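A quick note: this is a predicted structure, and the numbers were derived from the prediction, not measured.
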Amino acid sequence: MLPPSPLQSLALFSLIAPIAAQTWTSCNPLNQTDCPTDSALGMSHVYNFTETAAGETWNTTAGTIHYNDQGAEFTINAKGDAPTMQSKFYIFGGEVEVWLKAATGQGVISSIVLQSDDLDEVDWEFTGTNTTHGETNYYGKGNVTAAATRAFWYPVESPQDMFHNYTTRWTEDKIEWFIDGKSVRVLEAADANGGTSFPQSPMNVRLGVWAGGDKDNNNYTIAWAGGETDYDKGPYTMYVQSARVADFSSGKEYKYGDQTGSWKSIEIVPGNSTTANTLNRPPPKTVAQRWSGLSTGAKIAIYVSISAVVLAVIGVSAICCISQRRAGRRERALADANWEKDHAEAMVYRARYRGQCSEI
């Protein structure tokens with residue numbers, strides 16, 4: 001573990017500013033009673049971004065995400081870019097495993113965030129210039145008090161050059177962070193301000209990159225991010241090969257039972273998860289698969305129909321051919337007749353001309 005420097009400690013007090021760059025809530029159940037329920041994942045699923053795009057169970061904000069053989073590509077090209085992938089589903093206790101290669105660049109932050117509607121949060125963050133460590137952090141109900149005591153940095157080899165497995169395991173009792181399968185940090189619920197600052201409400205998953213070193217941020221945030229970001233030296237790209245997300249609860253939705261945001265107040269609505277239904281939906285069948293699924297009678301009917309169409313086309317083609325040949329013969333006969341007529345007239349004219357010449 002690398003403890004924060006005094007400068008980093010000061011910066012951590014201001015993390016509410018960079019957090020706002022990618023983490024936010026559209027409706028806080030602690031302040032409102034009409035917030036929508038959270039759609040549950042209710043299962044475990046692996047997203048392989050080297051093979052397929054994120055799909056309809058994720059939203060993309062503040063930029064465009066491209067896909068190639070390295071996976072999902074999150075790129076900062078200019079000021080204001082902060083491409084982020086946010087799950088439409090929530091987990092209530094669970095495990096999130098991400099294979100990630102952090103972006104380079106001064107002031108550029110690559111992040112893996114779990115966040116709830118009432119601003120519980122669990123983080124991984126990597127600065128573009130720290131080539132030896134990554135940061136872990138957490139928040140409860142948006143409380144950033146004593147943030148310097150919550151953020152810890154752990155050794156990781158060349159995070160901007162290599163893919164590493166960053167895993168977060170979250171239960172009612174503790175949160176555990178892993179790097180390449182090795183546990184690097186454990187947070188017991190009781191150690192998070194007696195449990196009041198321990199993340200305990202349903203959270204979605206957010207993957208993204210942003211410029212903590214943007215000159216419009218405050219000085220502490222810029223210092224924490226590693227310095228001011230020079231967009232002219234970009235682009236700066238973070239890659240995510242895959243993400244495995246496991247929900248330790250099951251059901252259709254998660255509902256806040258009151259405005260405490262406590263673990264026990266969350267109601268698990270029974271039923272089939274919309275996300276699970278989407279993910280379990282079979283892919284569209286190929287033509288070969290649809291054909292093999294037809295009954296023998298259906299196949300015979302298709303063969304007969306195709307044969308009838310082919311015969312009809314052949315018949316029409318034959319009729320057209322015969323008609324054209326007949327028309328051609330008529331045209332040739334007419335042309336021959338005209339030629340014979342013209343030839344006869346020419347012979348008569350020539351005979352007359354010769355007679356006239358002989359009389360002279």
Side-chain angles (χ1 to χ4, degrees), residues 1-4 12 15 19 23 40-47 87 89-102 109-116 118-126 130 132-144 146-157 159 162-208 240-250 254 261-264 266 268:
M1 178 188 73
L2 177 70
L12 290 168
L15 280 183
I19 286 169
T23 58
L41 174 59
M43 62 179 294
S44 177
H45 187 75
V46 176
Y47 295 88
S87 69
F89 56 80
Y90 288 71
I91 61 174
F92 189 34
E95 191 167 86
V96 177
E97 174 186 352
V98 178
W99 283 89
L100 177 145
K101 181 165 67 174
I109 306 298
S110 302
S111 61
I112 303 168
V113 177
L114 280 66
Q115 191 185 46
S116 69
D118 62 359
L119 300 179
D120 282 347
E121 183 175 332
V122 182
D123 299 335
W124 286 97
E125 291 178 299
F126 307 88
N130 190 329
T132 59
H133 290 75
E135 184 199 67
T136 64
N137 209 337
Y138 74 94
Y139 298 90
K141 309 297 181 276
N143 180 9
V144 296
T149 65
R150 300 176 187 172
F152 292 100
W153 299 74
Y154 293 90
V156 57
E157 182 182 359
M162 300 170 59
F163 281 97
H164 290 279
N165 181 324
Y166 303 104
T167 298
T168 307
R169 184 179 178 86
W170 167 49
T171 67
E172 181 180 358
D173 303 314
K174 66 182 180 180
I175 298 171
E176 192 165 6
W177 290 260
F178 300 80
I179 297 177
D180 295 330
K182 179 182 177 181
S183 176
V184 295
R185 181 181 183 183
V186 177
L187 172 71
E188 301 288 345
D191 294 333
N193 195 24
T196 58
S197 293
F198 185 77
Q200 55 193 290
S201 49
M203 294 193 279
N204 58 33
V205 181
R206 307 180 188 195
L207 311 173
V240 176
Q241 278 186 342
S242 65
R244 180 181 64 85
V245 185
D247 190 352
F248 287 170
S249 300
S250 61
Y254 301 124
S262 70
W263 191 286
K264 294 180 179 179
I266 304 300
I268 300 176

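- In terms of heavy atoms, Gly261 sits closest to Lys141 at O-NZ, 3.1 Å.
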Check your understanding: Can you check side-chain contact (heavy atoms from CB on, under 4.5 Å) on Trp124 and Leu100, steps first, answer last?
Key -> CA-CA 11 Å; Trp124 286 97; Leu100 177 145; over 6 Å; no

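- A 4.5 Å side-chain heavy-atom check between Thr132 and Trp153 finds every atom pair outside the cut-off.
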Exercise for review: Carefully, step by step, assess Trp177 and Phe152 under the rule side-chain contact (heavy atoms from CB on, under 4.5 Å).
Suggested key: CA-CA 11 Å; Trp177 290 260; Phe152 292 100; over 6 Å; no

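- Remark: Asp191 CG to Ile175 CD1 distance equals 11.5 Å, nearest 0.5 Å.
- Within the 4.5 Å cutoff, side-chain heavy atoms of Glu121 are placed close to those of Val113.
- The closest donor-acceptor contact from the side chain of Asn193 to the backbone of Thr196 lies at 3.5 Å or more, if one exists at all.
- Interatomic distance, Tyr90 OH to Ser201 OG, rounded to the nearest 0.5 Å: 9.5 Å.
- The two residues Asn143 and Ser197 make their nearest non-hydrogen contact at ND2-OG, 3.9 Å.
- Under 3.5 Å, the side chains of Asn165 and Glu97 contain a donor-acceptor pair of N or O atoms.
- Not one N or O on the side chain of Arg206 forms a donor-acceptor pair closer than 3.5 Å with the backbone of Gln115.
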Exercise for review: Starting from the C-alpha separation in whole Å, work towards a yes-or-no answer on side-chain contact (heavy atoms from CB on, under 4.5 Å) for Val240 and Trp99.
Suggested key: CA-CA 6 Å; Val240 176; Trp99 283 89; 6.0 Å; no

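- Separating the CZ atom in Arg185 from the CD1 atom in Ile179 is a distance of 11.5 Å, to the nearest 0.5 Å.
- Taking the salt bridge (Lys or Arg N to Asp or Glu O under 4.0 Å) definition, one finds that Lys101 meets it with nothing, sequence neighbours left out.
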Check your understanding: Going through the checks in order, is the side-chain contact (heavy atoms from CB on, under 4.5 Å) test met by Tyr154 and Thr136?
Key -> CA-CA 8 Å; Tyr154 293 90; Thr136 64; 3.5 Å; yes

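- Aromatic pair Phe248/Trp170: ring centres not closer than 6.0 Å.
- For the side-chain contact (heavy atoms from CB on, under 4.5 Å) with Ser87, the lone residue among Leu41, Val96, Val205 that qualifies is Val205.
- Closest non-hydrogen pair, Ala243 versus Val98, comes out as CB-CG2, 4.3 Å.
- A distance of 9.0 Å separates CZ in Phe198 from CG in Asp120, rounded to the nearest 0.5 Å.
- Under the salt bridge (Lys or Arg N to Asp or Glu O under 4.0 Å) criterion, the residue pairs touching residues 165-182 are Glu95-Arg169, with sequence neighbours excluded.
- The backbone N or O of Phe92 sits less than 3.5 Å from a side-chain atom of Asp247, completing a donor-acceptor pair.
- A donor-acceptor pair is defined here as one N or O able to donate and one able to accept, closer than 3.5 Å; such a pair exists between the side chain of Gln200 and the backbone of Gly195.
- Considering all non-hydrogen atoms of both residues, Arg150 and Gly140 come closest at NH1-N, 4.4 Å.
- Val156 and Gly134 make their closest contact through CG1-N, 3.8 Å (heavy atoms, listed as atom of the first residue, atom of the second, distance).
- Put simply, OG on Ser116 and OH on Tyr254 are 13.5 Å apart, with the number rounded to the nearest 0.5 Å.
- Between His45 and Tyr47, the angle of the ring planes goes over 60°, which puts this pair in the perpendicular group of the 30/60° scheme.
- The backbone N or O of Gly208 sits less than 3.5 Å from a side-chain atom of Ser111, completing a donor-acceptor pair.
- For the atom pair CD (Glu125) and CD1 (Ile112), the distance works out to 10.0 Å, reported to the nearest 0.5 Å.
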